[in-house]
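Only one structure is covered here, and it is reproduced in the block below.
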Amino acid sequence: MPDAGSVSGTGMRVRLPGLAALSGSGSLLAGIVLALLVLFLCFLVPLAWRADPYALNPLSPLSHPSRAFPLGTDELGRDNLARVMDAGRATLLVALPAAAVTFLAGLLYGLASGLGPRLLDAAMMRLLDAVLALPGLVVLIFFAAILRLSTPSLILLLGLISWPPLARLVRNETRAVRDRDFVQAAYQMGGGFFHVVTTHLLRVMAPVLAVNFTFLVGEMILLLSALSFLGLGVQPPQTSWGGLLEGALQLVALDPWWLVLPPGLLIFASLLSASLIGQGLLARQGRA
Amino acid sequence: MLRVVRARLGSAGLSLLILTLLAFVMSHLTPGGPAYSILGPAARPDTVAAINHEFGLDLPIWRQYLRWLWQLAHGRLGSSYLSNQPVGAMLLSYEANTILLQLVALTASLAIAFGLGLLHGVFHARRLGRLIGTVELGLFALPSFFVGTLLILWVSMGLGWLPAGGLEDLRLQHQTPGSILSHLALPAATITLFTVPALSRYLAQSVHEELGRDYVRSAAARGASPGRILFRHVLRNALRPVVTLLGLSLPTIFAGGIVTETVFSYPGLGWLLWQSAIGQDYPVLIGIVLVIGVLTVLGNLLADLVNGLLDPRTSYA
Amino acid sequence: MTDTVLQLQALSVSLPAHGGGRLVPVLDALDLQVRAGGMTALVGESGSGKTVAALAAMRLLPRGARTSGQVRFDGLDLLAQDERRMRRLRGRIGMVFQNPLSALNPSATVGAQVAEGYRLHENGSRAQARRRAVELLGEVGIPDPARRLDDYPHQFSGGQRQRVMIAAALACDPRVLIADEPTTGLDPLVARQILALLRRLQQSHRLGVLFITHDLSIVEAHADRLTVLYAGRAVEWGGAGRFFAAPRHPYSQALLAAVPRLGQAALQGIPGRLPDPLLLPPGCRFAPRCPHHRPPCDDGYPPALGDAVEAACCLFPLAPPVPARNMNVVHAPPAGAAARQDDAALLALERVTVRHPVIGARRRTAPALQEVSLTLHRGECLGIVGESGSGKSTLGRAILHMLRHDGRILLDGQPVADLPGPERRRARRRIQPVFQDPRESLNPRLRIGDALAEPLRLGGLFDRARLDREVAALLAKVGLDPSLAGRWPGQVSGGQAQRVAVARALAARPEIVVLDEPTSALDVSTQAMLLTLLRDLARSEHVAYVMISHDLAAVSWLADRIAVLKDGRVVEAADTATLLAHPRHAYSAALVATAPRVQDGAGQVAAGPVRLPSPPA
């Protein structure tokens with residue numbers, strides 16, 4: 001089967017669906033700056049701006065941004081800036097661990113499949129096809145509807161839904177590297193399985209893995225936000241960016257642009273920074 | 001060819017089987033269940049029992065599963081817990097709306113992505129290519145629910161141009177083509193914005209890679225013009241990975257539609273999926289997942305077929 | 001000359017540096033003529049600028065390239081034409097590239113590609129174009145051309161693909177054919193056939209051929225004129241007969257001496273490496289590597305001594321060296337002659353058969369190796385020669401125990417496959433590989449020092465200081481500077497990387513080293529250096545070699561015995577001298593007949609017409 005993760009015909013090296021258009025270091029720097037800004041807002045600004053995101057101010061519902069409420073208030077008069085920051089922490093504290101879970105699951109599955117005997121490989125790839133046969137969001141909605149999601153189970157679910165593409169990539173890379181001459185030479189000089197994996201496979205795949213991890217972080221933020229937007233992700237009263245947007249959509253007739261833009265732009269900024277960093281890494285590798 | 005079809009059907013069938021099985025097990029392990037969803041948390045136990053009996057929910061779980069599979073084999077998907085309508089009929093009517101929306105969006109996406117991707121690929125490292133690449137990157141990071149909300153906020157509410165939603169049923173008599181189009185415009189635009197960057201970027205990468213191949217130089221050495229090289233030689237090879245991606249991502253594009261349909265309350269399959277997920281309407285939920293599974297298989301098969309036509313090296317003997 | 005069909009005059013090219021910015025000069029004031037019905041060879045190692053010259057003549061250089069000088073064709077200066085006219089002119093100059101598989105569009109039929117030039121320039125109808133394509137394919141020797149017209153490139157063999165490329169280049173009856181390394185990557189016998197085809201076309205069409213190659217031996221019999229490029233500049237040009245008999249530039253001489261030939265006693269490489277095009281030496285570009293270097297050489301680029309027809313750019317041109325005339329194939333002292341007394345075979349293959357598992361194929365494929373039996377003694381060098389697909393690499397991998405096989409492989413009389421785990425590992429360490437592509441055989445993410453330490457660590461040495469010492473000793477052993485230990489594989493030349501690979505193989509203290517095409521990815525000068533090194537190491541390290549190659553001359557230079565492999569079987573195995581003098585099998589005879597050999601001094605070459613036992617590829 002033609003695979004989106006590899007370019008056949010070039011032979012030895014499996015490449016990512018390349019996104020090497022933008023110049024490398026510029027986009028890497030921009031991505032890192034953007035990521036730091038988002039993290040700064042979510043984790044450090046709250047130390048200075050100590051408004052309670054859940055405190056009601058019945059006297060000033062839906063007020064425009066002002067000195068007292070820099071990003072205005074929602075329909076219950078809650079401070080929007082505090083809510084956006086709180087939602088950001090909730091989103092990132094689910095999405096980042098979920099990306100880590102996905103990454104580990106994909107890496108281990110891919111390595112096992114790529115290094116295992118042929119029968120195991122075939123069985124694992126078949127299973128992977130089965131998991132891939134449905135889009136992640138549909139499966140996610142399906143399970144989110146059935147299960148009551150707590151934060152840990154949400155992390156686990158997100159992680160367990162999204163690993164297959166990475167697993168396939170790792171498996172294909174592993175197969176490609178496994179047959180390269182320096183791995184053959186390592187076996188010939190008495191290297192065992194563990195030696196080959198640590199000295200050669202992981203080392204060679206490290207750049208590809210780094211790029212994919214950054215893309216995964218973006219994907220997780222997107223998935224979680226979509227799920228929360230649909231009311232199935234992070235559960236109230238806890239806020240999240242997706243949840244805030246959904247709440248704003250309910251009030252859309254009242255033109256609450258200050259409730260729509262901040263969470264939306266923060267999701268946009270997070271996704272953009274993940275793409276920029278991933279792309280910057282890719283471009284740098286292309287040059288090396 | 002048959003072998004490919006069989007493999008695809010096999011893995012899709014396997015995945016659907018796993019999924020439905022899991023769904024059954026879990027829906028019965030969770031407390032409450034549909035009876036409470038229908039009757040509310042204060043329901044009397046005997047009413048709950050009656051409902052459970054009516055839907056066969058008091059049977060052992062494996063018998064429920066087999067019963068459901070048996071019904072499925074006969075084309076019966078059961079009926080909705082919430083509306084009591086047969087699931088099959090519901091799916092068909094909502095599916096029609098989704099297909100209409102997706103056709104419009106996909107046509108627009110393909111047209112835009114083709115032009116953009118070609119330009120991006122040809123002018124890869126030059127100013128125009130970089131510009132397109134930056135635009136793609138930006139669009140890539142815009143989630144459809146944000147775009148949809150903004151469109152409602154600015155276009156529907158602010159300018160009052162297009163309706164924000166509320167399409168009831170396309171087949172109702174009073175729907176004029178103009179009204180249908182006006183209801184389609186914003187959701188289709190949202191889906192298009194979501195689909196274009198990935199497609200065009202992929203095409204660009206593919207075109208750029210093909211342009212660097214030796215056969216391009218051979219054709220140039222024979223005196224072929226740049227246009228001829230691009231359209232007669234490169235395009236056919238460059239489209240192959242794009243077609244594969246398109247086939248693989250048809251269901252994902254559809255899933256992108258879930259959020260969009262929900263934003264605009266567009267009565268399609270995605271919206272129905274959301275409704276039944278919120279309401280824990282298992283028969284409908286499972287029915288939709290089945291439909292999407294079938295769509296996935298069809299998408300992949302279609303991609304394989306088209307690629308077979310594009311690439312002489314694959315022979316389906 | 002009135003019948004000059006293509007003439008380059010002071011052609012200079014600069015290419016934009018990788019990553020943009022500066023322009024790098026890659027070709028400097030090249031003069032060259034191609035005559036109707038003649039073949040001019042442009043010879044140079046990689047990085048010499050020879051391909052750039054061809055692309056510049058056709059105006060096919062990448063964007064941003066700067067070209068000056070003139071390319072005269074048919075009374076026109078090609079560099080002065082606008083792009084539209086240039087496109088029309090391209091049909092009248094045919095061009096053939098290296099690696100025909102990638103040079104042909106995989107998803108267009110062969111017929112369409114052959115006829116493309118005709119359709120573009122002659123405005124023929126579709127039916128006429130098809131007729132023309134059949135005619136052309138027939139002319140280049142594709143059997144049953146009418147039937148093969150609608151086939152795709154992947155359905156042809158390597159040699160046939162190159163024929164197809166030639167047919168496509170001939171579509172508009174060109175007067176000049178530029179062939180850029182058309183035989184590289186092809187088996188020697190197939191390469192000879194392609195050359196014979198070019199020669200035939202040259203005569204029948206009065207076609208002028210510009211033949212670009214790194215391989216002097218391949219043009220020896222065919223070219224009538226020759227230009228040698230070094231670091232972007234022509235160092236010597238003239239008639240081929242004169243050149244091969246009496247090369248005058250030290251680089252030309254060194255290059256000739258570096259080509260392995262049958263019956264050659266000494267092989268000399270050229271130490272050093274090509275200068276960085278941004279840091280060219282002020283004077284003669286070859287001066288830093290030249291054995292006859294004298295102070296005036298650094299003052300300025302030496303003028304051409306001679307005229308436009310015959311000249312060498314050297315202040316101190318040399319008298320022709322006295323060639324080693326060992327016509328009776330007096331074999332050089334075998335690498336391990338002294339060690340051969342030991343009677344017991346170190347390695348013995350008994351009826352080894354390997355079948356490649358073919359995924360999804362219903363047809364049973366012929367085994368890659370069939371009942372191969374061979375022995376290797378301590379300190380001996382066994383050569384394995386065969387064309388691609390003959391199973392020679394499979395044989396190498398079987399010896400390294402990387403493949404499942406039938407039959408037995410005995411190391412010191414013990415079947416390695418039957419040993420228990422740890423002992424089998426130890427046994428495997430006694431056999432070490434050196435692969436063809438040095439870039440592939442070193443982990444790109446492991447520094448050279450770490451790559452060399454890897455086998456030492458696996459051998460149980462962990463002390464940092466001792467490891468460093470051992471690594472330095474290994475580097476010195478293969479003639480490399482110890483400072484290389486801190487570099488990445490991407491930062492060294494191909495020849496250096498291959499030396500590192502040899503050092504790594506030696507680090508495990510093996511008794512046998514399997515050399516799988518160790519020189520074929522290297523330039524001629526580097527190749528000779530490596531072969532010499534390998535021979536020296538055989539003596540000093542007391543290792544036995546299994547050397548696998550398609551290049552009989554290179555193998556014969558190193559091997560005590562040679563086994564000829566064809567279609568997975570050993571068709572002949574004999575002492576090197578015996579095999580070269582009296583090949584018994586027809587296939588071995590063809591190999592011996594086509595291999596380059598030491599000349600008899602008058603510039604005549606012993607490669608006569610070749611009759612092949614196999615059907616034409």
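Naming convention: chains lettered A, B, ... in sequence-line order (proteins, then strands); numbering from 1 in each chain. Just so we're clear, the structure is a prediction, and the values are computed from it rather than from any experiment.
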| Rounded to the nearest 0.5 Å, what separation is found between the CD1 atom of C:Ile93 and the CZ atom of B:Arg222? | 15.0 Å
| Within a strict 4.5 Å, meaning less than it, do heavy atoms of the B:Arg240 and C:Ser107 side chains meet? | yes
| Which value, rounded to the nearest 0.5 Å, describes the distance between C:Leu104 atom CG and B:Arg213 atom CZ? | 14.0 Å
| said: Using modelled atom types and a 3.5 Å cut-off, is there a donor and acceptor pairing between side-chain atoms of C:Ser102 and backbone atoms of B:Asp214? | reply: no
| task | Sort C:Arg84 into side chain, backbone, both or neither according to what part of it lies under 4.5 angstrom from a heavy atom of chain B. | result | neither
| Is it the backbone or the side chain of C:Gln113 that comes under 4.5 Å from a heavy atom of chain B, or both, or neither? | both
| said: Please report the interatomic distance CZ(B:Arg126) to CZ(C:Arg63), rounded to the nearest 0.5 Å. | reply: 3.5 Å
| remark: Looking only at heavy atoms, the pair that brings B:Ser218 and C:Met165 closest together is OG-CE, 3.8 Å
| query | So which of C:Ala103, C:Ala169, C:Ala108 has the largest heavy-atom pair count under 4.5 angstrom toward chain B? | reply | C:Ala103
| For C:Leu55, is it the side chain, the backbone, both or neither that has a heavy atom under 4.5 Å from a heavy atom of chain B? | side chain
| message | Restricting to non-hydrogen atoms, name the atom on B:Ala221 and the atom on C:Met95 that form the minimum distance, rounded to 0.1 Å. | response | CB-CB, 4.0 Å
| query | Which of these, C:Pro100, C:Pro153, C:Pro106, sits in a side-chain contact (heavy atoms from CB on, under 4.5 Å) with B:Tyr215? | reply | C:Pro106
| Which one of C:Arg59, C:Met58, C:Glu116 has the most heavy-atom pairs closer than 4.5 Å to chain B? | C:Glu116
| C:Met86 versus chain B, heavy atoms under 4.5 Å apart: side chain, backbone, both or neither? | neither
| query | Which residue out of B:Arg232, B:Arg217, B:Glu210 racks up the most heavy-atom pairs below 4.5 Å with chain C? | reply | B:Arg217
| query | Hey, mind stepping through B:Arg228 and C:Leu120 against side-chain contact (heavy atoms from CB on, under 4.5 Å) and telling me if it holds? | reply | CA-CA 10 Å; B:Arg228 185 183 165 92; C:Leu120 283 171; 3.6 Å; yes
| query | Has C:Arg130 got more than 12 heavy atoms of other residues, nucleotides or ligands less than 6.0 Å from its CZ? | reply | no
